[in-house]
There are 4 protein chains.
Amino acid sequence: MTLPDGTETPTATLSQLKEALDTVKDGKPEAPSPYTNGVARDQLRAFVERIERLEEEKKAIADDIKGVYSEAKGCGFDTKALRRVIALRKLDPDERAEQEAILDTYLVALGMMPEHG
Amino acid sequence: MTLPDGTETPTATLSQLKEALDTVKDGKPEAPSPYTNGVARDQLRAFVERIERLEEEKKAIADDIKGVYSEAKGCGFDTKALRRVIALRKLDPDERAEQEAILDTYLVALGMMPEHG
Amino acid sequence: MTLPDGTETPTATLSQLKEALDTVKDGKPEAPSPYTNGVARDQLRAFVERIERLEEEKKAIADDIKGVYSEAKGCGFDTKALRRVIALRKLDPDERAEQEAILDTYLVALGMMPEHG
Amino acid sequence: MTLPDGTETPTATLSQLKEALDTVKDGKPEAPSPYTNGVARDQLRAFVERIERLEEEKKAIADDIKGVYSEAKGCGFDTKALRRVIALRKLDPDERAEQEAILDTYLVALGMMPEHG
DNA sequence: ACGTATTTATACTCAC
DNA sequence: GTGAGTATAAATACGT
């Protein structure tokens, strides 16, 4: 269930995991799947790198956002007010969708609308 | 998917439905329209009230918990560590060991941990 | 910063913590504060017990809520619809508060309202 | 706390303020009232737009990250462990050791861990 | 340094 | 059993 070496089951034991790890170490063994453990390790590294890369980008954008707030503050605007404006504008469409959704749900619950219509 | 009393409410209008919803919401008892079903409506209102009552109680307890953490913090304890302690006590030891084993496997695969450490 | 033995500082070191732990173990030492480490330990236990007790209560209530939803479902109501009703009723007051809050914030930001009025 | 152009907007009414807010919200350019300040309003709108643009980008990247986790899961990796790996790599080792030390201290104090384990 | 607010992570539920 | 949506918990960030 953990390392994609083909032996994973929902009830994979710790010993199976350690075996898989040893497999990575020794480069030896029963690797019954098309994937070798070395491949699994490389896959793991690749995923980690991709995630970390994306998180960097995300952080950069978050910093940009903070910068905009700082700039606005420097222009005399109240940051808290600005945040409220942003939040409200985000909330409004969501809430409209919510209203429509609850209405639809009720129409279905009352048998007045086909469940997949 | 009809109302629990078996009646199939016919083609009611949107506004009538909204009115029925408002009735639930505001707790106004009278909805004389032939399209609304009194029994179902009362049942619905009862369920809503019971749930809201329980959620209030739940919130009160949640606030109490926060209060205890605050008090602990005021006594010099590290809140974050406290939370981890509570969480660990909830986990059964096998499960916890399993999770740690998986984590270690990954850390070793990434060279973040000695293979026999 | 961690154990309330009077020595805690924002820069408390690991060694200080271990020392405190040893203090608990040996029952010996320099405990310059009115609190002994035994007291700290007992405090810790007391906090943990209080929190766990409250969390049990909270869980019991959460289970009650689930029970009500189940009961409603048994009566033919759509659980999802019920949840939407509850959510909407909760949302409404919050959103009204949000509206007023943003307005107040703007009044302050525009200099038309005292900041603490 | 006045608007950044120094003007002290006099006693505007609530409705005028709401109108100003709506102007920002809807992007309607004309607000001919003498009580609204065009420069400040345009600045405000520009800030809001920049922030919202950046938040969209941030959300897109967040979705990408979720996608990578999904992909990893599809390859048999344990998502939760992966997240912990990412988190651990972000922590500087000293800080991590410190946190673990505090946790261990508490665990020992509660008898959940041998004093020399 | 604090409490609060936002964001993130985990657990649970339902439908497919 | 997998995946999406929801709900709760935890962690972090922010302004005071």
Side-chain angles (χ1 to χ4, degrees), chain A residues 1 8-11 51 55 58-59 61-63 65-67 69-70 72-73 77-84 86-87 90-91 94 97-98 101-102 105 108 115-116, chain B residues 1 51 55 58-59 61-63 65-67 69-71 73-74 76 78-88 90-91 95 99, chain C residues 1 8-11 51 54-55 58-59 61-63 65-66 69-70 73 78-84 86-88 90-91 94 97-98 101-102 105 115-116, chain D residues 51 55 58-59 61-63 65-67 69-71 73-74 76 78-87 90-91 95 99:
Chain A
M1 170 178 260
E8 69 269 6
T9 69
T11 52
I51 291 167
E55 290 201 339
K58 187 154 75 86
K59 190 185 185 315
I61 293 178
D63 289 344
I65 293 174
K66 286 205 282 189
Y69 277 112
S70 290
K73 184 173 194 162
F77 288 103
D78 180 353
T79 305
K80 192 172 180 180
L82 242 186
R83 288 183 190 276
R84 281 189 191 280
I86 299 289
K90 202 191 309 177
L91 204 71
D94 286 358
E98 175 72 14
I102 193 174
T105 313
V108 173
E115 298 196 20
H116 303 291
Chain B
M1 183 59 68
I51 290 167
E55 290 202 338
K58 189 155 73 85
K59 189 187 185 313
I61 292 178
D63 289 343
I65 292 174
K66 281 173 63 170
Y69 276 111
S70 290
E71 191 181 334
K73 182 175 192 165
D78 183 78
T79 305
K80 186 175 175 181
L82 240 187
R83 287 182 190 277
R84 287 180 70 184
V85 169
I86 299 286
L88 285 177
K90 269 195 276 207
L91 276 184
E95 196 180 354
Q99 289 184 6
Chain C
M1 169 180 258
E8 70 269 2
T9 68
T11 51
I51 290 167
L54 288 168
E55 291 201 338
K58 189 155 73 85
K59 189 184 186 313
I61 292 177
D63 288 343
I65 293 173
K66 288 206 287 189
Y69 277 111
S70 291
K73 185 174 193 163
D78 180 354
T79 306
K80 192 172 179 181
L82 242 186
R83 286 184 190 278
R84 281 190 191 281
I86 300 289
L88 187 61
K90 202 192 306 179
L91 202 72
D94 286 358
E98 175 71 16
I102 194 174
T105 313
E115 298 197 19
H116 303 290
Chain D
I51 290 167
E55 291 203 338
K58 187 154 77 89
K59 190 188 183 313
I61 292 177
D63 288 343
I65 292 174
K66 281 173 63 171
Y69 276 112
S70 289
E71 191 180 334
K73 182 177 191 163
D78 184 78
T79 307
K80 186 175 175 181
L82 241 187
R83 286 182 191 277
R84 287 181 70 186
V85 169
I86 299 287
K90 268 195 278 207
L91 275 184
E95 195 180 355
Q99 289 184 6

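Lettering follows sequence order; numbering is per chain, from 1.
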Salt bridge check, A/Lys90 against A/Asp94: does any charged N sit closer than 4.0 Å to a carboxylate O? no
In this structure, how many angstroms lie between the P atom of E/dT7 and the CD1 atom of A/Ile61, rounded? 14 Å
What string of B, S and - do you get for nucleotides 8-16 of chain F, 5' to 3', when a contact is any protein heavy atom under 4.0 Å? SSSSS-S--
D/Glu71 CD to F/dG3 C1', straight-line distance once rounded to whole Å: 16 Å
Which whole-number value in Å describes the distance from C/Lys59 NZ to E/dA11 P? 14 Å
Find out whether B/Arg83 and B/Thr79 are in side-chain contact, i.e. whether some heavy atom of one side chain is under 4.5 Å from a heavy atom of the other. yes
Tell me every residue that passes side chain to side chain contact (heavy atoms under 4.5 Å, CB included) with D/Gln99, counting only those two or more places apart in sequence or in another chain. B/Lys80, B/Arg84, D/Leu91, D/Glu95
Partner set under side chain to side chain contact (heavy atoms under 4.5 Å, CB included) for C/Ser70, not counting sequence neighbours: none
Taken to the nearest 0.5 Å, the spacing of B/Ile51 CD1 from C/Leu82 CG works out to 5.0 Å
